[in-house]
Amino acid sequence: MNIKAPASRLAETPASIFAVMTKLALDNNAINLSQGFPDFNCDDALIEIVRKYMRDGYNQYAPMPGVPRLKQGISDKINSLYGMLIDPDKEITITAGATQALFSIITSFVLPGDEVIIFEPAYDSYLPSIQAMGGIVRPLPLHPPDFSINWESFERTISSTTKMVIINTPHNPCGSLLSSDDLKKMAAYSNKHGFLILSDEVYEHIVFDGITHKSMLSHFDDCPNLLTVFSFGKTYHTTGWKVGYVVARPELTTAFRNIHQFTVFAVNTPVQYAYADFIEEKERYLTLSSFYQQKRDLLLEHLKGSAFRFTPSQGTYFQILDYSDLTNIHDFAFAKLLVTKYGIAVIPLSPFYSKGSDLSIIRICFAKKEETLMQGIERLLDAASDLQKGSTNR
């Protein structure tokens, strides 16, 4: 008996490229440098603190906006890093990870027919979230090698129906950063045209080469239409715990919480209390940049002199590689070749574009143990060597 599925939102949306490549990695017993998570554990001390709160009975619903002590810790951190005074009760909301935060923000504000400008390549949850709400995506390309914003093109794209602009710094997948001047321009455009800014800053503590992260929060006082998203998972190597937070003015926070309360209501209670303890130890996040820069530098040192071309990532734990000197095959075909023939899983860049891309670029995640990275590097170099010889047989 054939039963036709009822009409639904995003019915034509394909499976996430992360799910596709992770399955291929498992099927081929490959080194997985595709999906963005560490293959090492978080700090044992953090696990013990969670256990302590679980044993002490902190196992029921947390307050809907989040545990007060954690929100106070976040407020203190923002003041210390960015010089902004944030009201922990009215302007900070704890979320079930950054992706839930992004979706709930878009759900809160994007109505059918509203236009949302995104910069591509873009994190893959932006576009379907906008489309699910009936919004219209207006993509603007970021061009290699620096993937910077073309402000003339941006100004031409703004219209009377532009409801929101989504920015991402440090940028996934490119590893690029927005400058203070970029943020100042974005705030000025928002104030002039009245659109919301959704600033995705989940990699705020992973910035390299002595550069400091420039947060949109530096314009919190002079840009009222701002919502900024952060993640504990990226900071404390706990992506599976799915805890993040949103910072916004009280009127925006109220509108966001109207949706948030009916999606997750409250977030993992003992984990919130544990993070409240951990966030007081500043060195745990202030040393993250040097920790990941060592891994980036290890990767790039061994790829130096190969046919892979690259500009060193400025932030995140991702590095993009241009393979155009090796082959002209599509990036997904190249990624599939790497995983099936060479046992190394990477992410092609084209799924980060609303209409695909003809760029010969892949993304590598270097948030891995040294031995994992070295095995991955060896397999990448094997593939490059074979392709240069005109053979893909191992």
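Residues satisfying the side-chain contact (heavy atoms from CB on, under 4.5 Å) test with D76, not counting sequence neighbours, are Q72. Partners of T340 according to the side-chain contact (heavy atoms from CB on, under 4.5 Å) rule, which considers only residues two or more places apart in sequence or in another chain, are N28, K336. A search for side-chain contact (heavy atoms from CB on, under 4.5 Å) contacts involving E280 returns R69, not counting sequence neighbours. Listed by chain and number, the residues in a side-chain contact (heavy atoms from CB on, under 4.5 Å) with F18 are S16, Q35, D124, I347, F352, R363 (sequence neighbours excluded). With sequence neighbours left out, the ring pair (Phe, Tyr, Trp, His ring centres under 6.0 Å) criterion links Y203 to Y317, F318. Checked against salt bridge (charged side-chain N to carboxylate O under 4.0 Å, His left out), K52 has the following partners two or more places apart in sequence or in another chain: D56.
The two residues G376 and I344 come nearest to each other via the heavy atoms CA-CD1, 3.7 Å. Taking all atoms of both residues into account, the shortest heavy-atom contact from Q319 to L299 is CB-CD2, 3.8 Å. The heavy-atom pair separating A101 from V229 by the smallest distance is CB-CG1, 3.9 Å.
A donor-acceptor contact closer than 3.5 angstrom links the side chains of E120 and S354. For E115 and T161, the side-chain atoms include at least one donor-acceptor pair closer than 3.5 Å. Of the N and O atoms on the side chains of K214 and T212, at least one donor lies less than 3.5 Å from an acceptor on the other residue. Side-chain contact annotation: N172 with T316, donor-acceptor N/O pair under 3.5 Å absent. Between the side chains of Y53 and T269, no donor-acceptor pair of N or O atoms lies under 3.5 Å. Using a 3.5 Å distance cut-off with no hydrogens or angles, the side chains of S179 and D181 do not pair a donor with an acceptor. Of the N and O atoms on the side chains of Q314 and D209, not one donor lies less than 3.5 Å from an acceptor on the other residue. Judged by distance alone, the side chains of H260 and Q100 do bring a donor and an acceptor atom under 3.5 Å apart.
Taking OH of Y285 as the start and NE2 of H205 as the end, the distance is 6.5 Å to the nearest 0.5 Å. Distance check, rounded to the nearest 0.5 Å: CZ of F154 to CE of M186 gives 4.0 Å. From D325, atom CG reaches atom CZ of R309 across 4.5 Å, with rounding to the nearest 0.5 Å. Atom CD1 of I197 and atom CD1 of I167 lie 6.0 Å apart (nearest 0.5 Å). Interatomic distance, CD1 of I117 versus OG of S159, reported as 7.0 Å (0.5 Å rounding). The line from CG of D331 to CG of L349 is 6.5 Å long, rounded to the nearest 0.5 Å.
Counting non-hydrogen atoms of other residues, nucleotides and ligands closer than 6.0 Å to OH of Y353 gives a total above 12. Applying the 6.0 Å contact sphere to CD of E152 captures no more than 12 heavy atoms from other residues, nucleotides or ligands. The 12-atom threshold is exceeded at CD of E48, counting heavy atoms of other residues, nucleotides or ligands nearer than 6.0 Å. Counting heavy-atom neighbours within 6.0 Å of M54 CE, excluding the residue itself, gives a total of 12 or less. Atom NZ of K77 is surrounded by more than 12 heavy atoms from other residues, nucleotides or ligands within 6.0 Å.
Taking 4.5 Å as the limit, some side-chain heavy atom of F230 sits within range of a side-chain heavy atom of L217. Looking only at side-chain heavy atoms (C-beta outward), V267 and K242 stay at 4.5 Å or farther from each other. Two residues are said to be in side-chain contact when any heavy atoms from C-beta on lie closer than 4.5 Å; Y126 and L102 meet this criterion. Counting heavy atoms from C-beta outward, F334 and P348 have side chains that stay 4.5 Å or more apart. With contacts defined as side-chain heavy-atom distances shorter than 4.5 Å, the pair I106/V116 does not qualify. For the pair L338/L380, a side-chain contact is recorded, criterion being any heavy-atom separation below 4.5 Å from C-beta on. By the 4.5 Å heavy-atom criterion applied to side chains, V50 and W241 are counted as neighbours. Inter-residue side-chain proximity for I94 and I74 is flagged as met; some heavy-atom pair is nearer than 4.5 Å.
The backbone N or O of A19 sits nowhere less than 3.5 Å from a side-chain atom of T22 that would complete a donor-acceptor pair. Under a 3.5 Å cut-off, the side chain of S385 and the backbone N or O of D382 do not form any donor-acceptor pair. At least one donor-acceptor pair under 3.5 Å links the side chain of E91 to the backbone N or O of D87. Judged by distance alone, the side chain of H193 and the main-chain N or O of F195 form no donor-acceptor pair under 3.5 Å. Under the 3.5 Å distance criterion, the side-chain polar atoms of N168 are matched with a main-chain donor or acceptor of P170. Here the side chain of S34 pairs no donor or acceptor atom with the backbone of M21 at under 3.5 angstrom. Of the possible polar contacts, one joining the E201 side chain to the M216 backbone as a donor-acceptor pair under 3.5 Å is found. Formation of a donor-acceptor pair under 3.5 Å by the S360 side chain with backbone atoms of D322 is not found in this model.
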> When you look at Y275 and L46, which way does the side chain to side chain contact (heavy atoms under 4.5 Å, CB included) test go after all the steps?
Replying inline: CA-CA 8 Å; Y275 284 146; L46 182 56; 4.1 Å; yes
>> Set out, in order, the CA-CA distance, both residues' side-chain angles and the distance that settles side chain to side chain contact (heavy atoms under 4.5 Å, CB included) for D43 and Y236, then state yes or no.
In response: CA-CA 8 Å; D43 195 311; Y236 296 122; over 6 Å; no
> Does the side chain to side chain contact (heavy atoms under 4.5 Å, CB included) test come out yes or no for F220 and V247, once each step is laid out?
Replying inline: CA-CA 9 Å; F220 191 80; V247 180; 3.9 Å; yes
>> Test side chain to side chain contact (heavy atoms under 4.5 Å, CB included) on I47 and N41; report intermediate values, then the result.
In response: CA-CA 10 Å; I47 294 173; N41 206 4; 3.7 Å; yes
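Cluster partners of L111: none. The rule joins Ile, Leu, Val, Met, Phe, Trp and Tyr whenever side-chain heavy atoms lie under 4.5 Å apart, and it links nothing here. Hydrophobic cluster of L10: no remaining members, since no ILVMFWY side chain lies below 4.5 Å from it. Grouping Ile, Leu, Val, Met, Phe, Trp and Tyr residues whose side-chain heavy atoms lie under 4.5 Å apart, directly or via other members, places F265 in a hydrophobic cluster with M64. When hydrophobic side chains of Ile, Leu, Val, Met, Phe, Trp and Tyr are connected at separations under 4.5 Å, V207 ends up clustered with L177, I211.
Geometrically, K295 engages F291 in a cation-pi contact defined by less than 6.0 Å to the ring centre and at most 45° from the axis. K234 forms no cation-pi arrangement with F37, by the criterion of a distance under 6.0 Å to the ring centre and an angle within 45° of the ring axis.
Screening residues 248-263 for salt bridge (charged side-chain N to carboxylate O under 4.0 Å, His left out) gives no qualifying pairs among residues at least two apart or on separate chains. Within the structure, every pair that satisfies the salt bridge (charged side-chain N to carboxylate O under 4.0 Å, His left out) test and touches residues 155-165, not counting sequence neighbours, is listed here: D114-K163.
A salt bridge between D277 and R284 is absent, with no side-chain N of the basic residue lying under 4.0 Å from a carboxylate O of the acidic one.
Here F232 and Y245 bring their ring centres to under 6.0 angstrom of each other.
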